[in-house]
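A quick write-up on the structure given underneath.
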Number of protein chains: 2
Amino acid sequence: MLSQKTRYAIRAMQHLADHYGQGPIQLAQIAEAQNIPAKFLTTILSELSRFGIVDSQRGKDGGYRLAVSPIDITYGDLIRLMRGSLALVPCASRFAHEKCKNCLEEENCRTRALMLEVRDRTAELLDGVRLSDRIDPVPAQADSQN
Amino acid sequence: MLSQKTRYAIRAMQHLADHYGQGPIQLAQIAEAQNIPAKFLTTILSELSRFGIVDSQRGKDGGYRLAVSPIDITYGDLIRLMRGSLALVPCASRFAHEKCKNCLEEENCRTRALMLEVRDRTAELLDGVRLSDRIDPVPAQADSQN
DNA sequence: GTATTCTCAACTTAAAAAGTTGACAATATG
DNA sequence: CATATTGTCAACTTTTTAAGTTGAGAATAC
C-alpha cells in the first residue's frame with residue numbers, strides 16, 4: 001500500500017499540474033482543495049522541492065509550481081520518489097535494490113523471479129501515465145465484483 | 001511492500017508445499033530451514049491453520065501440512081490472506097474495497113483507474129503462479145540495471 | 001502419566017507513519 | 001526600512017503497525 005504521505009504528494013502534484021503555467025499556487029490553497037492537513041503538506045512540499053521537482057517562492061504571492069512540465073512526470077516517478085521503490089520486496093527493486101531481511105540466498109529464492117515480473121509490469125503501467133494525463137474516472141459499479 | 005510476516009508465511013508455505021504428501025512437518029524444522037524466528041512462526045502457522053489452508057496435528061510426530069494441494073494455492077491467495085489486498089490503495093482493492101482516508105470522492109479520483117489496472121495486472125501475475133510451481137531463480141546479473 | 005507438539009491471547013518492544021511546533025529566511029509592498 | 005506574507009526545516013509528539021515473546025493450556029502418542 002502507498003502511505004498516506006505518498007497519496008498526498010500525488011494529489012498535491014496533480015493540483016500543481018492542473019494549474020501549470022498559472023503562476024505560484026499557495027500551500028493553503030492546495031491543502032484546502034485536496035483535503036490535506038496544511039502543516040503536513042508543508043513537510044511534503046518542502047521535500048518535493050528539495051527533490052527538485054517543484055519550485056517554491058516565498059513572500060507575498062509566493063507558492064509552488066512544477067519545476068518540470070507535467071508531461072515529464074509519471075506516477076511511477078512520484079511513487080519511487082516518495083516511497084523509494086515500486087517493488088513488493090526489497091530484493092525485487094530495480095532502483096533501490098536491497099537484500100530481503102532474514103531471507104535465504106537470492107540465488108535460490110523461489111519468488112524473486114515472480115516479484116521482479118510484478119515490479120516490471122507495475123512500472124510499465126505507472127510510468128505510462130503522466131501528470132498531464134487526465135484519466136477517465138472509473139464508474140462506481142465497475143468495481144463491485146465484491 | 002510485503003510485511004516480513006507475509007514473507008515468512010510464503011516461505012513456510014513453500015516449505016510445506018515442497019514436502020507435500022510426506023506427513024506432518026514440525027514447526028521447528030520449518031523455522032530452521034527457512035530462517036524464521038520459531039516463536040513468531042508459531043503465530044503465523046496458527047493463523048494459516050485458522051484460515052483452513054494448513055492442517056495441524058499436535059503431540060509427538062505432529063506438525064503441519066497443507067490442507068489443500070499446492071497446485072490449488074496461488075501466491076495471490078497467500079498475499080491476500082496475509083495482507084488483505086493486492087492493491088496499492090484501499091479504494092483499488094477488489095476483495096477488501098475501502099474508501100481511501102482523506103481522499104476526494106472516488107468518482108472524480110484521478111488515479112483510481114490506474115490503480116485498478118495495476119492491481120488487476122498484479123493479480124493476474126500473482127494468481128498465475130502456484131505453490132507447486134518451481135520458478136527458475138533469476139541469475140544475479142539480471143537485475144543490475146542499477 | 002509424561003513427553004511432545006501445536007494453540008492462543010496477552011504482552012512487550014521496536015519501528016514507521018502521521019502530524020505539529022516554532023523559530024527562521026526570503027520576498028513584496030508601502 | 002518595517003511589516004505582512006509565505007515558504008523552510010529540524011526537532012518533537014502522537015498514533016499505528018509490525019515484529020516478536022511469554023506462558024499457561026490442550027491434544028496426541030507411547
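Per chain, numbering begins at 1; letters A, B, ... match sequence-line order.
Within the nucleic acid shown, A:L27 comes within 4.0 Å of sugar-phosphate atoms alone, with no base atom in reach, counting heavy atoms only. Contacts of A:T42 with the nucleic acid, taken as non-hydrogen atoms under 4.0 Å apart, include base atoms. Residue A:S49 is classed as a sugar-phosphate contact, given heavy-atom separations below 4.0 Å to backbone atoms only.
At least one test fails for A:R65 against the ring of A:Y20: distance under 6.0 Å to the centre or angle within 45° of the axis.
The distance from atom CG of B:L2 to atom P of D:dA18 is 12 Å, rounded to the nearest whole Å. Rounding to whole angstrom units, NZ of residue B:K5 and P of D:dG20 are separated by 11 Å. Between the NZ atom of A:K39 and the C1' atom of D:dT6 there is a distance of 11 Å, given to the nearest Å. Atom CZ in B:F40 sits roughly 16 Å away from atom P in C:dT7 (whole-Å rounding). Atom P of nucleotide C:dA18 and atom CG of B:N102 are separated by 11 Å, given to the nearest angstrom. In this structure, A:I25 places its CD1 atom 15 Å from C1' of D:dG7, rounding to the nearest Å. As a whole-Å value, the separation of B:Q29 CD from C:dT5 P is 11 Å. Here the C1' atom of nucleotide D:dT5 and the CG atom of A:D61 are 9 Å apart, to the nearest Å.
Ion pairing between B:R112 and B:E106 holds under the 4.0 Å rule for side-chain N and carboxylate O.
For C:dG30, its base never sits under 3.5 Å from the side chain of A:K60 at any donor and acceptor pair.
Picking from C:dT20, C:dA18, D:dA26 the nucleotide with the shortest atom distance to the side chain of A:P37 gives C:dT20. Checking D:dT8, D:dT28, D:dG23 against the side-chain heavy atoms of A:Y64 singles out D:dT8 as nearest.
For C:dT7, the OP1/OP2 oxygens have a side-chain nitrogen or oxygen of B:S56 closer than 4.0 Å. Dashed line: the shortest gap from a side-chain N or O of B:T43 to OP1 or OP2 of C:dC8 is not under 4.0 Å.
Of all heavy-atom pairs spanning A:N35 and A:Y8, the tightest one is O-CE2, 4.2 Å.
At least one donor-acceptor pair closer than 3.5 Å links the side chain of A:S3 to the backbone N or O of A:T6. Panel note: side chain A:D127, backbone A:E124; no donor-acceptor pair is recorded below 3.5 Å.
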